[in-house]
Each structure stands twice: as structure tokens, then as C-alpha cells.
Protein chains: 2
Amino acid sequence: MVSPKQDPPSAEGLNSVEAEFVAFFVQMATALSLPRSVGEIFGYLFCADEPKPFDEVVSRLGISKGSASQGLKFLLSMGAISTVYVPRDRRTFYEAETKMRKLFSRALQESVRPHLEANGRLIDAIEEHIDRSQDHESLEEHYRARAASLKGWNDKALQLLPLLDKLISVPVPSFPFKFFGGDSSGENGKPKTPPAKPGKP
Amino acid sequence: MVSPKQDPPSAEGLNSVEAEFVAFFVQMATALSLPRSVGEIFGYLFCADEPKPFDEVVSRLGISKGSASQGLKFLLSMGAISTVYVPRDRRTFYEAETKMRKLFSRALQESVRPHLEANGRLIDAIEEHIDRSQDHESLEEHYRARAASLKGWNDKALQLLPLLDKLISVPVPSFPFKFFGGDSSGENGKPKTPPAKPGKP
DNA sequence: TCCAGAGTTCAATATATTTTGAACCAAATA
DNA sequence: TATTTGGTTCAAAATATATTGAACTCTGGA
């Protein structure tokens, strides 16, 4: 399905393994309706063994500086990547967050929760409209019931968020019958040594 | 923020409560990156007290027949609405699924699971590429590790699906320390009586 | 101070998605 | 059989989104 071996050694274009990782995250991005370029960038950084500088993202992926800049900014804002400072190199290096738990957790907090909270406010608005308007006669009760159902589910979702957060850090094959136990795949306090001058051979 | 009272009695346009429900689901649809029209249609049907026919969806929402047809088809395919047969009326009537649990459950099965399964196949493809290609020297081990991490998380997600499904049917305020208990908000075997000739006054 | 490199911004362009509406089909009715 | 009604299809138009690339800013030398 994909062509033979022979990986271009570096510098321009991706080797076949990188290309597959990138394809994976492009598909992921598509599923989440994010731009392709975001998937490409994350995929490239995810499979890299060292932090990579801006210009390498641009040249290896063959995308424009503009796209790279915007995509990196977005990924930073999501907490999906972070910058790495490399002494004696003016460029900023980027590395992917590879702890999926963190990614997921953060998405829950930064994307899902705000949406649910906004929903809550919209539901309040609905209820106010039901109060304010007459000539619904028999419908008024029905409207109230529907609004209440919406509110119930929204609240439920909000309450489930922290539980979900706990759930994903439980080692799966043993189903979680006690929740607040330790996290198996926990943090390692590695002091984040910058790599020994990577990139630009 | 929204203008006074005085609801247009019917026939054309929405009353102010309907308008708010529709706005809510439009925002919901946007969050899920679905077309506005899908949100409008679902919102209209969700707040209706009886099943509504195609032509009313069109005229009340002021969208084209094409949009309505496609949106309804989509919502049917998601199981978010269903058709209702009304004797002595050629039109098909639609009603929203108001049991959120069903909606959610179904989305998990029909949308999330297939994506995860596709991901699994893509990860296999990555691993095959790692096998096939040489000249990665020291990188090969790193690639394998990254691929393994991906596979691990994907499998975990797949395993969590049924648990999630259970979770949402648990009454929330009492946290779930036993999972396989009964479902409080369970099915009611109502025999689905068609409404007494609604619509078209 | 000037220059070169790194990166950002943003208007223009390219792409993708939604919506419309006219043409069409099929079933019920005249 | 012809007509009307209910609804679908699909190509074209309208909108929305992503990408590019040229102009720009900023910083660190020389």
C-alpha cells in the first residue's frame, strides 16, 4: 500500500516511518476536525527523538512558515507541545507532550468544561424565556420539562469530568473498583536536560 | 439581549422559546462541528411536544427542502431522531430522541469505536514500516517505543468504552462504587401511540 | 548602527463544507 | 391517465476554513 524502503537520510522530506506517524496524526486531527497541518506538526514532533526547531518543521514537512507558526502556536495553547531552550542556538525547539494522560486531561479542562459551562448559561437563558413569554398555554409545562432534562444532563456531564480524569490514569486491564489509588504511569521527575545541540548538521 | 414578548402563534417562524432551544442546539452542533442546519432541526424537534412533519421543519425554520432532507437523513442515521407513522397523513413525522443516554451511547458505538479501530490498523501499519525500513540505526528502538505507546493508549481507550457506557447511566450524585447495578433512568415500555393527527391546522 | 536570521502577522488565495433550488421520482388522488 | 403532493438528489452558489507568502518585527551579533 505504501512504496518500498530507501529512506531519504534527512534534511528534506520525511523518512517512511515519520511519514506513517504523520499520517496517523493527520487522520486523528481530521477526526477532531482540526487542520491537517496541526496533525502533521504534532505527528512529526511526536515521533522525533529530540526537540526540533521551527525551520526543520517547515522544511521536513514542506509547509509554509505561516502554517507552521500558527500550528505550533495552537499546539502550545493546547498544551500538546512545549518549547525547549537550547543554549547557543537562537532558534526555539519544540517537543511533543507524549504523556497522553496529560493531553487528555488538559483537553477535558480547557475544551470540554468551558463548553459545558457555556451550555449551562444557555439553558438558563431558555428558562428565562419560558418565564417571560405568555401564550404557550399548555406548552409551558412541556417546555419546562425539556429544559430541565437538558439542565440535568449538562450538570451530570460536569460532575463526571473529574471522575473521567481519574479513570484514564488507572491501569486498564484491572477494572477500577477503587478509584483513588496510585497512578501507575506516573510522573518521573526528570530534570529536562536540553539535548546536546540537535538539528542543523 | 433578545427582544420582547409577543410570540408569533405558529405556522411561520419560531416562538421565542423555540428560538432559544434552537440556538442552544446550534451552539452544540457548532461545538461538534456539525452543520448549523442539523442543530436547528434537532433543536426544533427536541422542543416540540409532538412529532413534526417535514414541511413544518422547512417552513418553521426557514431552511431549504434540500437542507432539511439532508439534515433529517443525517440525524436519523445517528439515531438522534426517528420517524413516526401517522395514519391518514402521507407525510412522515419526525421526533427527537430525548433520552440523552441513548444518544450518547450510540455515538460511542457508531462514531468513537470505529475511529479507534481504524487507529489501531494505522498503528499496525506504522509498526510494519519500522520493520521494513533499515537505516534508522539507533532510532529504531525509539520508533518502536513511540508506536507502542500509541497502541497502548488506543487499546486503553477501546477498553474504556463499555465502562463509559455504564457510567453515564448511573445517577450521578452518588458516585459509582458498584458499576453493574441497575439503571435508574431505565426504559419505559410505552407502546408509542401516534399523535392524534398533529400539524397542518 | 547595520545586517542577518528567526519567527509572526495578515491579506490574498486555495480548499472544503454547507446551503440552496431546480429537476426529478414515487405514491396517492382526481 | 394526469395531477398533485411529499420528498430526494445533485450541481451550482454561498460560506467558512486553511494555507500561503510577502512584508514586517525583534534580537543578537559584527
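By convention in this document, chain letters (A, B, ...) are assigned in the order of the sequence lines, proteins followed by strands, and residues within each chain are numbered from 1.
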Could you tell me the separation between the CG atom of A/L61 and the C1' atom of D/dT20, rounded to a whole number of Å? 15 Å
Can you measure A/K52 atom NZ to C/dG7 atom P for me and round it to whole angstrom units? 14 Å
Within residues 103-115 of chain B or reaching into it, pairs that qualify as side-chain hydrogen bond (donor to acceptor under 3.5 Å, both in side chains) - sequence neighbours excluded: B/S105-B/D165, B/Q109-B/R113
Who are the ring pair (Phe, Tyr, Trp, His ring centres under 6.0 Å) partners of B/F25, not counting sequence neighbours? B/F42, B/F46
Length of the line joining B/L34:CG and C/dT17:C1', which is rounded to integer Å: 12 Å
What nucleotide among C/dA6, D/dG21, C/dT8 has an atom nearest to a side-chain atom of A/K65? C/dT8
Roughly how many Å is it from CG in A/D55 to C1' in D/dG21, rounded to a whole number? 17 Å
Quick one, B/R60 and B/E18 - any side-chain contact, counting heavy atoms below 4.5 Å? yes
Phosphate oxygens OP1/OP2 of D/dT20: is one of them under 4.0 Å from a side-chain N or O of A/S67? yes
Side-chain N,O (A/T92) to OP1/OP2 (C/dG7) below 4.0 Å: yes
Could you pick out which residue, B/G66 or A/S64, lies toward the 5' side of DNA chain D when each is mapped onto its nearest nucleotide? B/G66
In whole Å, what is the span from the CD1 atom of B/I41 to the C1' atom of C/dT18? 12 Å
Consider the side chain of A/F54, meaning its heavy atoms from C-beta on, and name the nucleotide among C/dA26, C/dG7, D/dG7 that approaches it most closely. C/dG7
If you apply the rule side-chain contact (heavy atoms from CB on, under 4.5 Å), what do you find for B/V84 with B/E50, and how did you get there? CA-CA 10 Å; B/V84 174; B/E50 293 179 324; over 6 Å; no
Using whole Å, what does the distance between atom P of nucleotide C/dT17 and atom CD of B/Q70 come to? 14 Å
Looking at the side chain of A/R90, which of D/dG28, C/dT18, C/dG7 is the nearest nucleotide? D/dG28
Can you tell me which nucleotide in C/dT19, C/dT8, D/dG6 comes closest to the side chain of B/P35? C/dT19
Could you tell me the separation between the CD1 atom of B/I63 and the C1' atom of D/dA13, rounded to a whole number of Å? 18 Å
To the nearest angstrom, how far is B/L72 atom CG from C/dT19 atom P? 13 Å
For C/dG7, does OP1 or OP2 lie under 4.0 Å from any side-chain N or O of A/K73? no
Would you indicate whether the side-chain heavy atoms of A/I168 and A/L108 approach each other to under 4.5 Å? no
Looking at A/S37, does any N or O in its side chain come under 4.0 Å of the phosphate oxygens OP1/OP2 on D/dT19? yes
